[in-house]
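What's counted below: heavy atoms across the whole structure, side chains too, no hydrogens, waters or symmetry copies. Throughout, protein chains are lettered first and strands after them, A, B, ... in sequence-line order, and every chain is numbered starting at 1. Just so it is clear, the structure is predicted and the values come from calculations on it, not from any experiment.
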Number of protein chains: 2
Amino acid sequence: MDVRSICLGILTRGEATGYEIRKVFEGSGFQHFAEASFGSIYPALSRLTEEGLVSVREEAQKKRPDRKVYSITPAGRSAFLAGLMKTLPEDRHRSPFLFAMLFSDLLPGSRVRFLVDDYIAQGEQKLAQLERKQKETLLPGERFAIGLGHTMYTAMLEFLRMHRGEIEEQLPQAAE
Amino acid sequence: MDVRSICLGILTRGEATGYEIRKVFEGSGFQHFAEASFGSIYPALSRLTEEGLVSVREEAQKKRPDRKVYSITPAGRSAFLAGLMKTLPEDRHRSPFLFAMLFSDLLPGSRVRFLVDDYIAQGEQKLAQLERKQKETLLPGERFAIGLGHTMYTAMLEFLRMHRGEIEEQLPQAAE
DNA sequence: TCGATTTATATCGGGCCTATATAGGCTAGG
DNA sequence: CCTAGCCTATATAGGCCCGATATAAATCGA
């Protein structure tokens, strides 16, 4: 989803600063389907303000950068929901790990084993994070999204443990 | 993975045109972890040629645009493998569908049901495609990547069928 | 006490995608 | 038989987004 919609979506739940919007998707168990960087959030909020879809309240703090608290306007809420009524873009998944595994026959067996170990460890961390999140009070949609992530990471880890041997067993012609 | 590496990777398996590189990831069962558009492939191949990592052979066809067939050079092969030996970037997954589900409480129930139906249908198509691909002769790494995709899509579909009720049951305050 | 982390905004360069342009051949349906 | 749409094939421009960097002070931990 584009960063504009991400910002509007967060703001439907209450006012927030750019910094806070970023943190919602940072280490919070949502990264498996949406995220946005500062470099895109701040320009997006500026443009949304120009267009009247959000409003700003500047809290000039003593000796700190001005805290700009954004709120969604009625026009912004309409635009956000209108966006969700149009055809959604397709999912996009990028996995440098799986791409690398495509060429496991060209890599030293030790490298393949390391990459698999590392990927499993990362998956376990994300699973633990999702489980922590599941204990919090969540909206139905949030519970659903977290639950789906949990299911998929669990299935992924099981597959990795079951099938890693198929790419780690080096064929004779490949050098170790 | 960056487009440069994707191009080099394909070319380790044999020469190809930009058009053919694109097609490898188009409807071929690999889209769930890697893809690249023409708009990035052609510039990437030009730069790789300048850098000596690939070489071109121009086949001037009668009344057709020149077919530029690219081959990887020894330097290109080294650079590609060196890239796979460095720390890999993390996976990045974007799902406008799951993002929209986060706001299922703000949407009409009919819209939520439509989106879920559509997403399930798409998932079934991808699963069928992966199963067709599994019947082909594949390298171990390819079989592994396709198998993992199959496992995850299967788990995803099961979750969707089991839990869709949790977001489709509208709470009283939400309008239909 | 001093360094690291956190809060907080902003910009620049670069990478990648979408849409568009060009152009002729093939194929299926009317 | 014609023609519309798709396939092959390369290329560019505009725009979106990310990563890195800059700035600046407060707070927390060793």
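With C:dT7, C:dT9, D:dG19 as the candidates, the nucleotide lying closest to the side chain of A:Lys23 is C:dT7. Nearest to the side chain of B:Asp2, among D:dA11, C:dC16, D:dC17, sits C:dC16. Closest approach to the B:Phe38 side chain among D:dT10, C:dA8, C:dC16 is made by D:dT10 (side chain taken as heavy atoms from C-beta onward). Across D:dC7, C:dT7, C:dT11, the shortest atom-to-atom separation from the side chain of B:Tyr19 is found for D:dC7. Side chain of A:Glu20, nearest nucleotide from C:dA8, C:dT7, D:dC18: C:dA8. Taking every side-chain heavy atom of A:Ser40 into account, D:dC17 is the closest of D:dC17, C:dT9, C:dT18. In this structure, of C:dT9, D:dC17, D:dA11, it is C:dT9 that holds the atom nearest to the side chain of A:Tyr42. Counting only heavy atoms from C-beta on, B:Arg47 has its side chain closest to C:dG15 among C:dA8, C:dG15, D:dA11.
Within 4.0 Å of A:Glu35, counting heavy atoms only, lie sugar-phosphate atoms of the nucleic acid but no base atom. If you check every strand for non-hydrogen atoms under 4.0 Å, A:Ala36 touches sugar and phosphate atoms only. Residue A:Arg94 is in sugar-phosphate contact alone, with no base atom involved, counting any heavy-atom pair closer than 4.0 Å across all strands shown. Within the 4.0 angstrom heavy-atom criterion, only backbone atoms of the sugar-phosphate kind lie near B:Gly18; the bases stay farther away.
Applying the 4.0 Å criterion to OP1 and OP2 of D:dT8, one finds that B:Thr17 has every side-chain N and O outside that range.
Each of B:Arg92 and B:Tyr70 has a nearest nucleotide on DNA chain D; the 5'-most of these lies closest to B:Tyr70. Comparing B:Val69 and A:Arg22 along DNA chain D, the residue whose closest nucleotide (by nearest heavy atom) sits nearer the 5' end is B:Val69.
Side-chain contact between A:Glu51 and A:Arg4: present, with at least one pair of heavy atoms (C-beta onward) separated by less than 4.5 Å.
Residues satisfying the side-chain contact (heavy atoms from CB on, under 4.5 Å) test with B:Thr17, not counting sequence neighbours, are B:Tyr19, B:Glu20, B:Arg67, B:Val69.
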